[in-house]
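Data first, discussion second: the structure below is written as structure tokens.
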Amino acid sequence: MTKSTPLNANSDQSRDIKVLQFGGGNFMRAYLDWMVQRLNDDFEFAGGVALVKPTGGPQYQDLEEQGGRYHVVTSGIKDKEVIQKIDLITCIDQIYYPYDDFTAFIELAKQESILIITSNTTESGIVFAPGDTPDQTPPDSFPGKLCVFLRARYEFFAGALDRGFFILPCELIADNGKTLETIVLKLAQTWYEDSAFNHWIKQANTFVNTL
């Protein structure tokens, strides 16, 4: 399957990609993607998810074989009653592997419809990697990948302040959003020496602490 085309299960949909998601483990599938599904089903969000694998190695074969579809089972007690609910999740429309097709990944930066970037790259994913460089395809670290992605967005939309993102990292470290922003800004300053780009990162994008 071409990694820059919709998954077969959702290929007939006309909805736009609104969420760029780094990491496709069980937590993100049952948490973030479940929320996107609720927004689509109950609030007319009409948004698809582009899933990006942040590391090399094995691909999301199981998810591809299922056309991006899977179920989330919710069990527990609500309003003093035992519940068990099964939800079908269909919001993942595309999968990207930057280590296999970096160009397709960077092309995503040109999609005006993307509003949110979210991630779960493990607790060690939000780190400053001094060995990363902007000409790597891709940089090894998650902040490095995010920095080159933001640079592509900045250049394509000529620094427009209304083309940034809400960035919602879900890595389990304190002040995850602020930490990610600090590292991305450090990389941007080191790599590009472009104060206008740093200004755009700070002014056009909102890094949210989710923990």
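Small disclaimer: the values here were computed from a predicted structure and weren't measured.
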If you compare all heavy atoms of [X] against all heavy atoms of [Y], which two are closest, and at what distance to 0.1 Å?
{"X": "D132", "Y": "S141", "answer": "OD2-OG, 2.5 Å"}
{"X": "Y96", "Y": "A104", "answer": "CE2-O, 3.6 Å"}
{"X": "K18", "Y": "G47", "answer": "CD-CA, 3.7 Å"}
{"X": "G164", "Y": "N205", "answer": "CA-OD1, 3.4 Å"}
{"X": "K145", "Y": "D140", "answer": "NZ-O, 2.7 Å"}

L20/V52 under side-chain contact (heavy atoms from CB on, under 4.5 Å): CA gap, chis, key distance, verdict: CA-CA 7 Å; L20 180 68; V52 176; 3.5 Å; yes
Reported [atom1]-to-[atom2] distance for the pair [X] and [Y], which is rounded to 0.5 angstrom:
{"X": "E181", "Y": "K202", "atom1": "CD", "atom2": "NZ", "result": "8.5 Å"}
{"X": "F22", "Y": "K53", "atom1": "CZ", "atom2": "NZ", "result": "13.0 Å"}
{"X": "C91", "Y": "W34", "atom1": "SG", "atom2": "CH2", "result": "11.5 Å"}
{"X": "F166", "Y": "L168", "atom1": "CZ", "atom2": "CG", "result": "8.5 Å"}

Using the rule that two of Ile, Leu, Val, Met, Phe, Trp, Tyr join whenever any of their side-chain heavy atoms come within less than 4.5 Å, decide whether [X] and [Y] are in one cluster.
{"X": "L39", "Y": "M35", "value": "yes"}
{"X": "L161", "Y": "Y192", "value": "yes"}
{"X": "F157", "Y": "I167", "value": "no"}
{"X": "L32", "Y": "L115", "value": "yes"}
{"X": "F27", "Y": "L172", "value": "no"}

[Y] and [X] side chains, donor-acceptor separation under 3.5 Å:
{"X": "D41", "Y": "Q37", "value": "yes"}
{"X": "N120", "Y": "Q21", "value": "no"}
{"X": "Q61", "Y": "E65", "value": "yes"}
{"X": "E171", "Y": "T121", "value": "yes"}

R38 charged N/C atom sitting above F43 aromatic ring, 6.0 Å / 45°: no
Cation-pi check, K186 onto F128 ring (under 6.0 Å, within 45° of axis): yes
Answer whether the closest heavy-atom distance between the side chains of [X] and [Y] falls below 4.5 Å.
{"X": "L88", "Y": "R69", "answer": "yes"}
{"X": "F142", "Y": "C147", "answer": "no"}
{"X": "V49", "Y": "I17", "answer": "no"}
{"X": "H71", "Y": "D87", "answer": "no"}
{"X": "I117", "Y": "F207", "answer": "no"}

Anything under 30° is parallel, anything over 60° is perpendicular, the rest tilted; go ahead and classify [X] against [Y].
{"X": "F165", "Y": "F149", "result": "tilted"}
{"X": "W200", "Y": "F197", "result": "parallel"}
{"X": "Y97", "Y": "Y60", "result": "tilted"}

Flag if over 12 foreign heavy atoms under 6.0 Å of CD, Q189: no
N26, CG: over 12 other non-hydrogen atoms inside 6.0 angstrom: no
Counting only N and O atoms by type, is there a donor-acceptor contact under 3.5 Å from the side chain of [X] to the main-chain atoms of [Y]?
{"X": "Q111", "Y": "I114", "value": "no"}
{"X": "T210", "Y": "P169", "value": "yes"}
{"X": "D175", "Y": "K178", "value": "no"}

D194/R151 ion pair, N-O < 4.0 Å: yes
Electrostatic pair D62-R29, nearest N-O below 4.0 angstrom: yes
